[in-house]
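Let me begin by presenting the structure, written as structure tokens, before commenting on it.
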Amino acid sequence: MPRFADVTTMEVGGRISEFVEPDSRASFLEAIIMADVMGKKLCVIGGGSNMLVSDEDFDGVVVRDKRRQISVLDEAAPVEEGAPHTTTVSATAGVHWDDFVSYCVRMGLAGVEALSGIPGTVGASVVQNIGAYGQEVASVVTAVEVWDREEKAVKTFSREDMDFGYRHSLLKATMYEHGPHTAPTQFYPSPRYIVLEVTFTLLHAQTNAVGMEQLARALGVNVGESFSIQHIRDAVLQIRDAKGMLEDVHRYENPWMVGTVESAPGTALDEGPEGSPESSPEDRNKYSCGSFFMNPLLSQDEADKLPADAPRFPAVDEQGRDVVKTSAAWLIDHAGFKAGYKVAEDSTAGLSTKHTLALTNRGGAQTSDILQLARTIREGVRNTYGVTLVPEPVFIGVEL
């Protein structure tokens with residue numbers, strides 16, 4: 001049996017009692033149902049990129065969906081003359097997310113190209129409602145087919161049913177009693193609803209609007225201008241790589257990761273633009289959970305207490321209230337935690353040397369080392385700005 005350290009991007013975590021990789025719909029459902037019937041802890045894992053797991057042994061069942069099918073269902077006719085053509089595409093939950101993005105770009109399907117390079121799977125993408133560089137998965141989801149662990153039935157949720165918000169979904173909400181990292185529900189560390197398949201509606205187009213200033217600068221255009229989706233993908237991969245926010249391609253040489261992407265050990269970076277920095281097995285910046293803390297959503301009064309130069313963006317919270325979103329990376333940096341920060345010189349955990357929002361395993365770290373770093377940063381930001389940062393990854397067997 002593997003350790004969580006073998007199957008997570010942070011490369012930490014204890015031994016797994018039972019690890020199952022079903023390769024059919026029936027066997028995937030059977031693994032989930034049997035774990036629940038036997039009263040075992042159930043952890044449905046995707047790419048292992050958004051989780052921090054205890055160093056202790058996990059006495060439960062870890063299920064990783066081995067189904068990796070992408071299907072073009074139809075090409076919907078435009079509702080009126082001149083309206084854009086759209087195409088409906090479905091993908092099973094186990095499809096590596098960037099394999100899906102790459103497929104869509106090759107097929108001339110626009111709507112997910114700015115989400116290139118995000119680790120994880122299609123199933124995890126809708127649980128977390130991933131977003132980056134002006135795009136969010138919620139905007140292209142048509143339906144999500146799930147297994148309801150409580151009612152023991154297959155259900156299909158529409159986009160509206162999914163209650164998407166910033167790093168939020170109906171599925172994620174079923175893991176906690178009162179929001180992320182509050183008391184866990186009976187279904188934790190997996191949702192009540194386990195993703196089986198996701199249906200997307202994408203534009204049949206070779207170009208799409210550029211939705212974020214940083215990406216627009218990289219492409220030499222203005223926000224809102226249309227640009228080649230292949231070039232948007234290339235630029236996003238280059239930006240993410242410069243921040244150390246792409247997966248380490250060498251993790252797919254691990255026996256427990258072989259076959260989980262379309263071609264191992266190649267990843268999105270290998271398709272990137274000519275001249276992209278070469279990936280290295282020693283690039284410890286890639287051994288992270290990605291963004292460790294979510295960007296805080298503040299009331300106007302709370303936002304007014306921040307320094308004048310702190311980033312502020314209009315947003316809506318889970319209750320539909322108008323709020324102000326600020327940057328967790330800015331707060332961390334301005335609270336004195338610079339890129340490369342460690343709690344001690346010989347610490348095995350530290351901030352990425354390229355990006356203050358990524359907590360990384362610098363080599364030989366345990367989960368306890370990552371937690372010590374995270375607590376130090378959270379406390380420092382709270383003492384400096386009165387803002388308590390909320391972690392983005394799912395914690396299993398640990399608390400911050």
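These numbers come from the heavy atoms of this one structure, side chains and all, not from hydrogens, waters or symmetry mates.
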Checking [Y] against [X]: is there a side-chain donor and acceptor pair closer than 3.5 Å?
| X | Y | value |
| --- | --- | --- |
| T201 | T142 | yes |
| T348 | D369 | yes |
| Q300 | D304 | yes |
| E392 | S291 | no |
| N383 | R378 | no |
| E197 | Q69 | no |
| D74 | T88 | yes |

Please indicate whether [X] has more than 12 foreign heavy atoms, meaning atoms of other residues, nucleotides or ligands, lying under 6.0 Å from its [atom1].
| X | atom1 | result |
| --- | --- | --- |
| K66 | NZ | no |
| E399 | CD | no |
| R159 | CZ | yes |
| K243 | NZ | yes |
| K338 | NZ | yes |

For [X], check ring-ring contact (aromatic ring centres under 6.0 Å, His included) against everything at least two apart and list the hits.
| X | answer |
| --- | --- |
| H334 | W330 |
| F19 | W256 |
| Y341 | F337 |

Problem set entry | From CA spacing to verdict: side-chain contact (heavy atoms from CB on, under 4.5 Å), D234, E113 | CA-CA 9 Å; D234 290 347; E113 60 282 347; over 6 Å; no
When rounded to the nearest 0.5 angstrom, what distance separates [atom1] in [X] from [atom2] in [Y]?
| X | Y | atom1 | atom2 | result |
| --- | --- | --- | --- | --- |
| L215 | E213 | CG | CD | 9.5 Å |
| M107 | T87 | CE | OG1 | 8.0 Å |
| K155 | F157 | NZ | CZ | 5.5 Å |
| L202 | T199 | CG | OG1 | 10.5 Å |
| N208 | H231 | CG | NE2 | 15.0 Å |
| D65 | R25 | CG | CZ | 10.5 Å |

Check whether [X] reaches the backbone of [Y] with its side chain - one donor and one acceptor, N or O, closer than 3.5 Å.
| X | Y | answer |
| --- | --- | --- |
| S102 | D98 | no |
| S169 | V127 | yes |
| T9 | S288 | yes |
| D148 | E150 | yes |
| N285 | S352 | no |
| R382 | L389 | no |
| T360 | G350 | yes |
| H96 | P119 | no |
| S125 | I130 | no |
| K325 | P296 | no |

Is the closest basic N to carboxylate O distance between [X] and [Y] below 4.0 Å?
| X | Y | value |
| --- | --- | --- |
| R67 | D23 | no |
| R192 | E151 | yes |
| D55 | R3 | no |

* Asked: Angle class for the F200/W97 ring planes (parallel below 30°, perpendicular above 60°, tilted otherwise)?
  -> tilted
Please lay out, stage by stage, how I118 and R240 fare under the test side-chain contact (heavy atoms from CB on, under 4.5 Å). CA-CA 9 Å; I118 295 177; R240 292 184 67 88; 3.8 Å; yes
Exactly one candidate in H168, E136, R167 meets side chain to side chain contact (heavy atoms under 4.5 Å, CB included) with N129; the answer is E136
Which of V261, T260, D99 passes side chain to side chain contact (heavy atoms under 4.5 Å, CB included) with R68? It is T260
Closest non-hydrogen atom pair between [X] and [Y], with its separation:
| X | Y | answer |
| --- | --- | --- |
| T121 | G94 | CG2-O, 3.9 Å |
| P22 | A31 | CG-CB, 4.0 Å |
| F293 | A328 | O-CB, 4.1 Å |

Would a hydrophobic clustering, with Ile, Leu, Val, Met, Phe, Trp and Tyr connected at side-chain separations under 4.5 Å, put [X] with [Y]?
| X | Y | result |
| --- | --- | --- |
| V236 | F227 | yes |
| F187 | M175 | no |
| M245 | I332 | no |
| V221 | I232 | yes |
| M212 | V112 | no |

Using a 4.5 Å side-chain heavy-atom cut-off and chaining through intermediate ILVMFWY residues, the residues clustered with V390 come out as Y166, M294, L297, V323
Under a side-chain separation threshold of 4.5 Å, the hydrophobic residues clustered together with V63 are V20, F28, L29, I32, I33, V37, L42, V44, V61, W147, V154, I194, L196
Any side-chain heavy-atom pair from F100 and V198 closer than 4.5 angstrom? no
Note to self: Quick one, S17 and D59 - any side-chain contact, counting heavy atoms below 4.5 Å?
What the structure shows: yes
What side-chain donor-acceptor pairs closer than 3.5 Å can you find for residues 307-316, not counting sequence neighbours?
residue	atom	partner	partner atom	Å
R312	NH1	P307	O	3.1
R312	NH1	A308	O	3.3
R312	NH1	A310	O	3.0
R312	NH2	A303	O	2.9
R312	NH2	L306	O	3.1
R312	NH2	P307	O	3.2

Go through it in stages, so that I can follow the logic: the residues are M162 and V126, the test is side-chain contact (heavy atoms from CB on, under 4.5 Å), and I'd like the CA-CA distance, side-chain angles, deciding distance and then a yes or no.
CA-CA 9 Å; M162 285 290 291; V126 292; 4.1 Å; yes
**Asked** Under the salt bridge (charged side-chain N to carboxylate O under 4.0 Å, His left out) criterion, do R362 and D346 qualify, and how do the steps go?
**Response** CA-CA 10 Å; R362 307 311 299 179; D346 60 350; over 6 Å; no
Take Y287 and V12, measure what side-chain contact (heavy atoms from CB on, under 4.5 Å) needs, and give me the verdict at the end.
CA-CA 9 Å; Y287 291 77; V12 296; over 6 Å; no
